[in-house]
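Excluded from the calculations below are hydrogen atoms, water molecules and symmetry mates; all remaining heavy atoms, backbone and side chain alike, are included.
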Amino acid sequence: SCGPSPAGPVAAFSPDGTRLAIAHDGRVRIFRLPTGRRCGSTPTPEFARVSVRFSEDGRRLVVSGIHRYDDAYEFVLDGRSGRRLAVSRP
């Protein structure tokens, strides 16, 4: 995955290379490759710094970020649909 980044989109490829997740502007979008068809989208806070990474098996997508007020969040999403599974504030 690419990140963390202070500005702009960050992205991660699934381990099998069939999906691309992009976090930008308060939303995580998952695209199916090679078609580019969006298969999931989930809102998140607009983070000042964010990183995204797929689990080793590609079933989960973890989005970690620091909000502009230094609040840290971690979202666990379904790696195929983008459906939110869990949220934590470490």
Trainee: For the pair Arg84 (side chain) and Pro43 (backbone), establish whether a donor and an acceptor sit closer than 3.5 Å, ignoring hydrogens and angles.
Mentor: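 Answer holds: yes.
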Trainee: Out of curiosity, Glu74 CD to Ser51 OG, how far, rounded to the nearest 0.5 Å?
Mentor: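 Reported value, rounded in 0.5 Å steps: 8.0 Å.
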Trainee: Which heavy atom of Ser55 sits nearest to which heavy atom of Pro15, and what is that distance?
Mentor: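 Heavy atoms only, the tightest pair is O-CG, 3.3 Å.
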Trainee: Give me the atom names and distance for the closest heavy-atom approach of Arg19 to Phe54.
Mentor: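 In terms of heavy atoms, the two residues are closest at NH1-CE2, 3.5 Å.
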Trainee: How far does CZ of Phe13 sit from OG1 of Thr18, to the nearest 0.5 angstrom?
Mentor: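 Between atom CZ of Phe13 and atom OG1 of Thr18 there are 11.0 Å.
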Trainee: Just so I know, are the side chains of Arg60 and Asp78 near enough to count as touching, which here means a heavy-atom distance under 4.5 Å?
Mentor: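 In short, these two side chains touch, coming nearer than 4.5 Å.
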Trainee: Give a yes or no on whether the backbone of Gly82 and the side-chain of Thr42 come within a donor-acceptor separation of less than 3.5 Å.
Mentor: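 Side chain of Thr42 to backbone of Gly82: a pair is present.
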Trainee: Count the heavy atoms of every other residue, nucleotide or ligand shown that sit under 6.0 Å from CZ of Arg27, and state whether that count exceeds 12.
Mentor: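 It does: Arg27 CZ has more than 12 such atoms within range.
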Trainee: Can you tell me how far apart OH (Tyr73) and CZ (Arg89) are? Round to the nearest 0.5 Å.
Mentor: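 Answer for the OH-CZ pair, Tyr73 versus Arg89, is 4.0 Å.
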Trainee: Considering all heavy atoms of both residues, which atom of Leu61 and which atom of Ala21 are nearest to each other, and what is their separation?
Mentor: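 Taking Leu61 first and Ala21 second, the nearest heavy atoms are CD2-CB, 3.6 Å.
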Trainee: Which atom pair, heavy atoms only, marks the closest approach of Val50 to Ala23?
Mentor: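 Taking Val50 first and Ala23 second, the nearest heavy atoms are CG2-CB, 4.3 Å.
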Trainee: With heavy-atom distances below 4.5 Å as the criterion, would you say the side chains of Arg80 and Ile30 are in contact?
Mentor: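 Not touching, per the 4.5 Å side-chain cut-off.
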Trainee: With a 4.5 Å cut-off on side-chain heavy-atom distances among I, L, V, M, F, W and Y, is there a chain of contacts connecting Val62 to Val87?
Mentor: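 Looking at the clustering, Val87 is in a separate group from Val62.
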Trainee: I need the minimum non-hydrogen distance between Leu20 and Ala11, along with the two atoms involved.
Mentor: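 Looking at all heavy atoms of both residues, the closest pair is CD1-CB, 3.9 Å.
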